[in-house]
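Report on one structure; see the data block that follows.
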Amino acid sequence: MLSRLMQAAKFKKAATVKLARDFYEQRTVQAAQRLLGKYLVRAHPDGIKTGIILETEAYVGPEDQASHASRGRTPRTTVMFGPAGFAYVYVIYGLHHCLNAVTELEGYPAAVLIRAVEPCEGLDLMRARRRKQEIVSLASGPGRLCQAFGIERSLNGVDLCGDTLFVEDRHVSPAAIVATPRTGVDYAGPWKDMPWRFYIGGHPGVSKR
DNA sequence: CAAGAGATCATCT
DNA sequence: GATGATCTCTTGA
């Protein structure tokens, strides 16, 4: 059994190397690509959960009709208009949560949707939350990963440069990055074809479509 | 394995 | 009142 001390030690180590705000201030498409291979970390009273980011999507600016922010600033999208490095978490289809990292400058609405990770630490915690056993099915999709990691609306607006949810500045170099159009945005007119979904090629943990 | 439907409600019109 | 940055289960080949 992993002692509380060991977990604390791991957490402490991870916390010292988390991505800083300036990472999130870069261009969204670039941030989406550079997040691939990095470690998403969720600290929770139950224990720590981590996973390697496998799949992301970029939602870029007020013109992007695929983005929630294209309809202007609303209570929901306020976080997207705020400064970089905060979490935008929303409920979709009344059932599932999706996690985004807000990017670029304050006033310019943009974010990276984290669509899938390869679970590393906290596997049994994730299994319990997901009620699935297979590692590959624990976090291969935006809703699945939020369920596995215990990410819900209470985390909307949390600082990704804080201690509860962050990305470790540690990189597993992806063999190949694939770019495709984003998922489920057929309504987005000319923007639906922008190749702003990125994933690690050939990895089984990438979400199905 | 692919296709289709149902779940279920916050959000905006 | 309509819709959705999804998931799971069922059906049928």
Side-chain angles (χ1 to χ4, degrees), chain A residues 24 27-33 35-36 40 51 53-82 84 86-104 108-119 126-158 160 165 167 177-200 204-209:
Chain A
Y24 300 99
R27 304 278 307 194
T28 306
V29 166
Q30 198 163 66
Q33 292 168 303
L35 279 169
L36 295 176
L40 179 68
I53 297 173
L54 301 177
E55 181 181 356
T56 59
E57 281 178 6
Y59 290 84
V60 188
E63 312 284 310
D64 180 0
Q65 290 177 51
S67 171
H68 294 160
S70 66
R71 295 178 194 243
R73 193 174 198 136
T74 67
R76 180 174 64 159
T77 58
T78 295
V79 185
M80 284 190 77
F81 285 80
F86 288 81
Y88 169 43
V89 180
Y90 65 92
V91 180
I92 187 65
Y93 296 108
L95 299 172
H96 310 289
H97 299 269
C98 292
L99 168 67
N100 297 252
V102 174
T103 52
E104 305 204 39
Y108 183 83
V112 175
L113 171 67
I114 314 288
R115 291 189 54 88
V117 306
E118 177 187 319
M126 298 187 203
R127 289 190 174 110
R129 284 193 148 277
R130 287 274 301 137
R131 308 199 172 188
K132 303 277 181 201
Q133 289 301 307
E134 292 297 319
I135 289 179
V136 74
S137 66
L138 292 177
S140 55
R144 292 173 172 185
L145 114 70
C146 283
Q147 188 182 18
F149 277 65
I151 294 166
E152 37 196 292
R153 272 233 316 307
S154 59
L155 291 184
N156 187 41
V158 303
L160 297 176
L165 182 64
V167 178
I177 294 179
V178 181
T180 74
R182 295 166 291 180
T183 297
V185 295
D186 287 347
Y187 56 82
W191 297 86
K192 75 175 166 54
D193 298 317
M194 299 304 291
W196 288 347
R197 171 180 180 240
F198 303 102
Y199 62 88
I200 297 180
V206 172
S207 72
K208 307 286 183 283
R209 298 236 274 160

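Here is the naming used below: chain letters follow the sequence lines, and residue numbers restart at 1 for every chain.
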To the nearest Å, give me how far apart [atom1] ([X]) and [atom2] ([N]) are.
X	N	atom1	atom2	value
A/Lys208	B/dA3	NZ	P	15 Å
A/Leu138	C/dT8	CG	P	11 Å
A/Ile151	C/dC7	CD1	P	13 Å
A/Asn156	B/dA10	CG	P	14 Å

Taking the side chain as every heavy atom from C-beta outward, state whether [X] and [Y] have any atom pair closer than 4.5 Å.
X	Y	answer
A/Thr180	A/Pro195	no
A/Ser207	A/Arg197	yes
A/Phe149	A/Leu40	yes
A/Leu99	A/Leu165	yes

Just N and O in the side chain of [X]: are any of them under 4.0 Å from OP1 or OP2 of [N]?
X	N	value
A/His68	C/dA5	yes
A/Arg115	C/dT6	yes
A/Arg144	C/dT8	yes

- Query: When all nucleic acid strands are considered with a 4.0 Å heavy-atom cut-off, which category describes A/Arg153: base, sugar-phosphate, or nothing?
  - Reply: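 Sugar-phosphate, no base atom in range.
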
- Query: NA contact type, A/Arg131, heavy-atom cut-off 4.0 Å: base, sugar-phosphate, or nothing?
  - Reply: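 The residue A/Arg131 makes no contact with any strand.
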
- Task: Indicate whether any N or O donor in one side chain lies under 3.5 Å from an N or O acceptor in the other, for A/Gln147 and A/Arg129.
- Result: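 On atom types as modelled, these side chains do not qualify, holding no pair under 3.5 Å.
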
- Query: For A/Arg73 and A/Thr77, does a side-chain donor sit closer than 3.5 Å to a side-chain acceptor?
  - Reply: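 The criterion, which ignores hydrogens and geometry beyond distance, is not satisfied for A/Thr77 and A/Arg73.
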
- Item | Of A/Gly184 and A/Gln147, the one whose closest DNA chain C nucleotide lies more 5' |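 Here A/Gly184 is the residue nearer the 5' end.
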
Donor-acceptor check, side chain of [X] to backbone of [Y], threshold 3.5 angstrom: yes or no?
X	Y	value
A/Ser67	A/Glu63	no
A/Gln65	A/Ser70	no
A/Arg144	A/Leu138	no
A/Glu57	A/Thr183	yes
A/Asn100	A/Val102	no
A/Tyr59	A/Leu113	no
A/Arg76	A/Tyr90	no

Considering only heavy atoms, which members of [range] lie under 4.0 Å from some atom of DNA chain B?
range	answer
residues 186-199 of chain A	none
residues 73-80 of chain A	A/Thr74, A/Pro75, A/Arg76
residues 87-97 of chain A	A/Tyr93, A/Gly94, A/Leu95

- Message: Can you classify the ring geometry of A/Tyr88 versus A/His68 as parallel (below 30°), tilted (30 to 60°) or perpendicular (above 60°)?
- Response: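 Plane angle over 60°, so perpendicular.
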
- Item | Pairing residues for A/Glu104 by the side chain to side chain donor-acceptor pair (under 3.5 Å) criterion, not counting sequence neighbours |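 Listed in chain order: A/Thr28.
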
- Would A/Arg182 count as a cation-pi partner of A/Phe198, with NZ or CZ less than 6.0 Å from the six-membered ring centre and within 45° of the ring normal?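 Verdict for A/Phe198: no cation-pi partner in A/Arg182.
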
Just the table, please: protein N/O against nucleotides 10-13 of chain C N/O, every pair under 3.5 Å.
none

- Task: Could you run through DNA chain C and flag its stems, i.e. three or more consecutive Watson-Crick or G-U pairs with both distances under 3.5 Å?
- Result: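 Stem list for DNA chain C: B:1-7 with C:6-12, B:9-12 with C:1-4.
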
